[in-house]
Amino acid sequence: MITNLGIEENKEWKCLACDELLKLDKVRIDYMNGSFTVMLPCCPKCGMALIPEEIALGKMLEVEKLLEDK
Amino acid sequence: MDQKTLRQVEKQCIQEEAPACQSACPLHVDVRTFVLKVGQGKWNDAWKVLDKTLPFPGILGRICHHPCQDACLRKDLGGSISMGALEKICVNQPKPRIRTIPMPKKNYTMAVVGENLSSLVAALELLRKGYGVTLFTFGDRLGGSLWDMKSLSREIIEKELTVLENLGLEQEKIQDKLDVSALLKHNFSAVYIGLDTRETESLVPGNRSNTPDLKTFSLGQKGIFAGGIPDEQGNLLPLNQAFQGRGAALSMERFVQGVSLTEGRGDEGPYPTRLFTNTDDIVSLPMALPASAEKRYTIDEAKAEAFRCIQCQCLECLKVCPYLAHYKGYPKKYAREIYNNATIVMGNHTANSMLNSCSLCGLCQEVCPENFSMTDVCLDARRDLVQRKKMPPSAHEFALQDMAFSNSDAFMLLRHAPDREKSRFAFFPGCQLAGSNPEHVIQTYSFLMNNWEKETGLMLQCCAAPAHWSGNEIKTSEAIGLLEESWQKMGEPHMILACSSCMDMFKKYLPQVTVSSLWEIMDQCEIPTDIPHATCKQTRQAMVIHDPCTTRYESGMQEAVRSLTSKLGIPFTELELSREKTQCCGFGGLMENANPAMAKKQLDQRINESELDFLTYCAMCRESLRGAGKSTAHLLDFIFPPVTDDENPGTRDKVGLSRSRDNRAQLKKNILERIWQETSKTRSDTRLFISPEVQEKLDQRRILHQDIRATIAHAQLSTEKQMQSLISGHFLASHRPFMVTFWVEYSPAETGYTIHNSYCHRMQIMGEHS
């Protein structure tokens, strides 16, 4: 299942090495015994993913806490 | 914690104990709730409260002798609540429909003899428990002495007693003689003899003076019970008749079930409650007196009288602890939740945050009439979580890493005084003083060598408090081992401690070490009392002393601090919660690490206790209180004031996490240079330019400058792993040196980097572009 984090299409960040604008793509993220597939801005060439600040401090933090209390 | 320990712990919290009124009532009517409902004008609810415990409430509500009034805590504060009068007005209100779920019918029939109140109550109780009951009577009507009471009309008696018929009571009039023993041989499983019905006297088997046991109401012959006997003064009070009928009914049930008649019946009937209610702040209020000639309350008068009820409860700990108040319960409930948290097999550990948020400060135990210790409950639970590898990693990780830093070569230092080969004493400033004001450490150490004892060595390292607070027993034992080793290397000196948490740790884990607080030592020395600079003089307006929570029972240290403050000419007053009742600053027990929002709540309550500036003697308290916006000075600010700086020491900025580490590292270097003339290589760190706003964010997110430097360095090594903003041109790099991924938005500056933002998370990106 892919979780949609509500991230809008990125218009700001580019991958420095590939010189490509990051585009939303599927990324697997893990913590403790939890694993999720989410849509994150990624470099279309090398796949490097960006976790935006509001996700890191918002939804991701919530999920981290839930997993820690499992 | 096992079930048995839980029970013992739970028992220590008395919040659920009955108030004095309820425990004084033989039938344990919930007087407190009843009066509350009357006060709210909720008559149906008030009726229901009576009906729950009072048999035939329409009758007993009119004739009870209200022993609750004598026990009422309002007694000396305007007069006891007039419960008798409130009961009467309640039962004069229309009775609501009260639905009760009938118990399943049981295969036993009980014989109840007599028509007076005790027999009727025994019959009612047994019917409600599902037993068949045959009532053997002498006369034609039920009620006995009830009919002689002026306050009871025929209508009321008859109406109230219909419940017996509705529940299926069988009645049999005794025609000639009744053989009680024969009843047992026939269909009846147990017999009750209501001695309040005069004719029953001759039925008592054996000796005529045979009286029932006052706890079980057994007559000593198997299956035969009796009640309805007068009290020691010879009074036959309706409430006691009802109590005895009810007690006997319970014994009859236990008898047919074949279980102990006596087990667990300690709290039946009137008993002294353990509930403590603090009435210190309760204002005396006069009783509401009925204005009518009949001396009966009107609705409004009753409400006014009920309003006077104190609504007795304990909650002494919640009054002083924002943490305990936050979870909307009280320690007994919390202990149960924490126990459940430890024993669940599936699902979420919902109490993790609660048990990790306690400051372990011990104030609850200090104010609790029964010494309930949330510290013990939470610490025990933390140890259990750590042991079972269930402790949330984010709760204490930062503090444990900070401890590891302090116990690394970056900070650790053991030295005898210059040109000395042994140390009779050793100064142990602790991590927090070193981190918040390294200059004070150097000044204090020099002071001790010059004014106290030349053979005073220096020990820089951590006391293991973070590990202890986190419940990590392995890390605690390692850090304590290291501390003991250092102390031994120094020749087992008498330790001089600047921090009361360090003192606590030494006393807990290394009782063989002789320790003194820095303040007690300084108080015995000549201290420079002329504070030179202007602002300090200006600030010699009264301050309030904030005692660190780990000084709770260190009265010697507290006294020394007050003595030093007086010598320095600083007028001071006491906070209401001071000395053994002092409140934690929110750092203790790693509260701030596990739950920053709770620490803020704790701090906000603390700083609002006084308008005056705070004076403290713990570097961490100073850091926390100042961080919450309170002007707070450290005692050393006045003993070693800066010569030129005119700044009020209370308003000096807090240091923050990164600077605290840098300061510790710098202290080691500086003190070696200045005291021992040893120079070490200067570390040249990449310069970071960080605005105060960004620095504030970094501290909140516990991101250190070293994390930022490592992230940029990592990005520089592998340039492809970076992003760049098309808008600002800033770079965005990430790095995962341990269980945390750091993101840093930066741009190169002439001599380093400007940091625009940084954040972190614990989840790990596993597959990219899948």
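Each chain gets a letter, A, B and so on, in the order its sequence line appears, and its residues count up from 1. Bear in mind the structure is a predicted one, so any value in this text is a computation, not a measurement.
- If you measure heavy-atom distances from Leu21(A) to chain B, the contacts under 4.5 Å come from the side chain alone.
- Across every non-hydrogen atom of Ala49(A) and Met723(B), the tightest pair is O-CE, 3.4 Å.
- Residues of residues 384-391 of chain B having a heavy atom under 4.5 Å from any heavy atom of chain A, listed by number: Lys390(B).
- Of all the heavy atoms in Ala56(A) and Cys760(B), the pair that sits closest is CB-O, 4.1 Å.
- Of all non-hydrogen atoms in Tyr31(A) and Pro393(B), the two that sit nearest each other are OH-CG, 3.7 Å.
- Heavy atoms only, all atoms of each residue included: Glu68(A) and Pro392(B) are closest at OE1-CB, 3.3 Å.
- Taken to the nearest 0.5 Å, the CD1 atom of Ile765(B) stands 8.0 Å off from the SG atom of Cys42(A).
- Top candidate by heavy-atom pairs under 4.5 Å with chain A, chosen from Arg701(B), His730(B), Glu745(B), is Arg701(B).
- By the neighbour-count criterion of 12 heavy atoms within 6.0 Å, atom CD of Glu9(A) is densely surrounded, having more than that number from other residues, nucleotides or ligands.
- When each of Met739(B), Gln724(B), Gln764(B) is checked for heavy-atom pairs under 4.5 Å with chain A, Gln724(B) comes out on top.
- In this structure, OH on Tyr759(B) lies 10.0 Å from CD1 on Ile55(A), to the nearest 0.5 angstrom.
- At most 12 non-hydrogen atoms from other residues, nucleotides or ligands lie less than 6.0 angstrom from NZ of Lys600(B).
- Contacts with chain B were tallied for Val38(A), Asp30(A), Leu67(A); Asp30(A) has the most, counting heavy-atom pairs under 4.5 Å.
- A 6.0 Å sphere centred on CG of Asn33(A) holds no more than 12 heavy atoms belonging to other residues, nucleotides or ligands.
- Residue Phe731(B) comes nearest to Trp13(A) through the heavy atom pair C-CZ3, 4.4 Å, listed as atom of the first residue, atom of the second, then distance.
- A 6.0 Å sphere centred on CD1 of Ile474(B) holds no more than 12 heavy atoms belonging to other residues, nucleotides or ligands.
- Taking Tyr330(B) as the reference, Glu16(B) meet the side chain to side chain donor-acceptor pair (under 3.5 Å) condition, with sequence neighbours excluded.
- Listed for the Glu64(A) side chain is a donor-acceptor partner under 3.5 Å among the backbone atoms of Met763(B).
- Your options are Gly34(A), Ser35(A), Pro52(A), and the one with the most heavy-atom pairs under 4.5 Å with chain B is Pro52(A).
- In terms of the side chain to side chain contact (heavy atoms under 4.5 Å, CB included) criterion, residue partners of Ile344(B) (sequence neighbours excluded) are, by chain and number, His349(B).
- Nearest heavy-atom pair across Lys11(A) and Leu726(B) is O-CD1, 3.9 Å.
- When the side chain to side chain donor-acceptor pair (under 3.5 Å) test is applied to Lys70(A), the partners found at least two apart in sequence or on another chain are Asn348(B).
- Side chains of Glu53(A) and Asn757(B): a donor on one and an acceptor on the other come within 3.5 Å.
- Across Leu57(A), Ile51(A), Leu22(A), the residue that shares the most heavy-atom pairs under 4.5 angstrom with chain B is Ile51(A).
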Exercise. Could you go step by step and tell me if Lys65(A) and Ser353(B) meet the side-chain contact (heavy atoms from CB on, under 4.5 Å) rule?
Worked result: CA-CA 10 Å; Lys65(A) 289 205 175 301; Ser353(B) 172; over 6 Å; no
